[in-house]
Amino acid sequence: MVQAATTTNSKWDRKRMDELEQWVAYHRLQAAEGKCASYIPALRRADPTQLGICMIEPSGHKITAGDWEVPFTMQSISKVVSFIAACCHHGISYVLDRVDVEPTGDAFNSIIRLEMHKPGKPFNPMINAGAITVSSLLPGDTPEQKLDYLYKIFQKITATAPVVNEEVFVSEWMTSHRNRALSHYLKDTGYLDCEVEEALEVYLKQCSIQVNTEQIALIGLILALDGYHPLRGEQILPKQVVRLAKALMLTCGMYDASGKFAAYVGLPAKSGVSGGIMTLVPPTLKRESPFPDGCGIGIFGPAIDSCGNSVAGVSLLKQLAHEWDVSIF
Ligand SMILES: NC(=O)CC[C@H](N)C(=O)O
């Protein structure tokens, strides 16, 4: 049985919470530098001044600050879960025959490299082209069956049944011309395992799964522990698959800002255009670390920058990584 994450009140904990609250109050102001995504009409209405964070340790202990309970859609954070799901079913080499593991330095929805390189294999599963290929690889003959496989993995990690935000899904489905173009191109070059509209339905529904920072932090925690679920006391995902996913998060997870994020924060992370960021601190031998046993981190701050990353979220993470010395490097 999965225990609910708990909140304790030790002195040390109070200190970490107080620091986090102060940082959230400060970095919330940075949101003015960004804007809520507007190319998906339903995301336009988010409150750009919101910022929240949840951190979960292997004990289930939770540290939170700001707007951590606000629901948002996973968007590209879901790409990590679908990549893991496809690898769990097919094995790593089958998936990597169809999507590469190289960063692009281009925008997340860029189409340019598909035609510039032969064969037109998508560069990595964290950009839209690669993620749509991965969604098409999920097992099942229909979008429902493919999503069902993905939902089961989501549920195993978070102990909650995924809920798709239909409004966000429909809003993107109706306007997804670029993703449709990418999907047609992938179909033409043989990198789609089902029909265009089916792959798109799976991809856009997985992007529309509604979460809050706690669920995102929980997924991050399982990744930090190489697939081990400490609250279930069980290895729920294969170690090699999780390690590969983390390498991809580090090199490609923040799109064309992944290099800067690795340099200034130093943690594997994945962002989404709704303003979510999933990141994690692996267990460390440095016992003076505030998180020696590791932790998962979920962030929500809907004002994003030109790369599609939460402005306030990234700036909060820079301070947190610096002050608490949690970079993996
Ligand atoms: N960066 C993102 O979060 C992109 C996800 C979004 N659903 C899209 O395909 O455009």
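We use all heavy atoms of the structure for the numbers below, so side chains are in, but hydrogens, waters and symmetry mates are not. Given the structure is predicted, the values throughout are model-derived calculations rather than measurements. Just follow the structure's listing: the first ligand is 1, and inside any ligand the first atom is 1.
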I'd like the contact residues of ligand 1, where contact means a heavy atom below 4.0 Å. Y39, Q75, S76, F108, N128, E172, N179, Y203, C207, Y255, G272, V273
Name the atoms and distances for all side-chain donor-acceptor pairs under 3.5 Å in residues 288-296, with sequence neighbours left out.
unit_1: S289; atom_1: OG; unit_2: F291; atom_2: N; d: 3.0
unit_1: D293; atom_1: OD1; unit_2: R287; atom_2: NH2; d: 3.4

Heavy-atom pair of closest approach, residues V24 and A65: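 Smallest interatomic distance, heavy atoms only, reads CG2-CB, 3.9 Å.
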With salt bridge (charged side-chain N to carboxylate O under 4.0 Å, His left out) as the test, would you mind laying out the steps for K146 and E198 before giving the verdict? CA-CA 10 Å; K146 289 179 186 296; E198 290 172 343; over 6 Å; no
Taking distance alone, no hydrogens or angles, what donor-acceptor pairs closer than 3.5 Å link side-chain atoms of residues 86-100 to residues at least two apart or in another chain?
unit_1: H90; atom_1: NE2; unit_2: L137; atom_2: O; d: 2.6
unit_1: Y94; atom_1: OH; unit_2: D193; atom_2: OD2; d: 3.3
unit_1: R98; atom_1: NH1; unit_2: Y94; atom_2: O; d: 2.7

Any salt bridge between E57 and R16, counting N to O under 4.0 Å?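 So E57 pairs with R16 through a salt bridge.
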Identify each donor-acceptor pair in which a side-chain atom of residues 297-322 lies under 3.5 Å from a protein atom, sequence neighbours left out, and give them as a table.
unit_1: D305; atom_1: OD1; unit_2: C307; atom_2: N; d: 3.0
unit_1: D305; atom_1: OD1; unit_2: G308; atom_2: N; d: 3.0
unit_1: D305; atom_1: OD1; unit_2: N309; atom_2: N; d: 2.9
unit_1: N309; atom_1: OD1; unit_2: S271; atom_2: OG; d: 2.6
unit_1: N309; atom_1: ND2; unit_2: M254; atom_2: O; d: 3.1
unit_1: S310; atom_1: OG; unit_2: G301; atom_2: O; d: 2.7
unit_1: S310; atom_1: OG; unit_2: G313; atom_2: N; d: 3.0
unit_1: S315; atom_1: OG; unit_2: H27; atom_2: ND1; d: 2.6
unit_1: Q319; atom_1: OE1; unit_2: H27; atom_2: NE2; d: 2.6
unit_1: Q319; atom_1: NE2; unit_2: E323; atom_2: OE2; d: 3.1

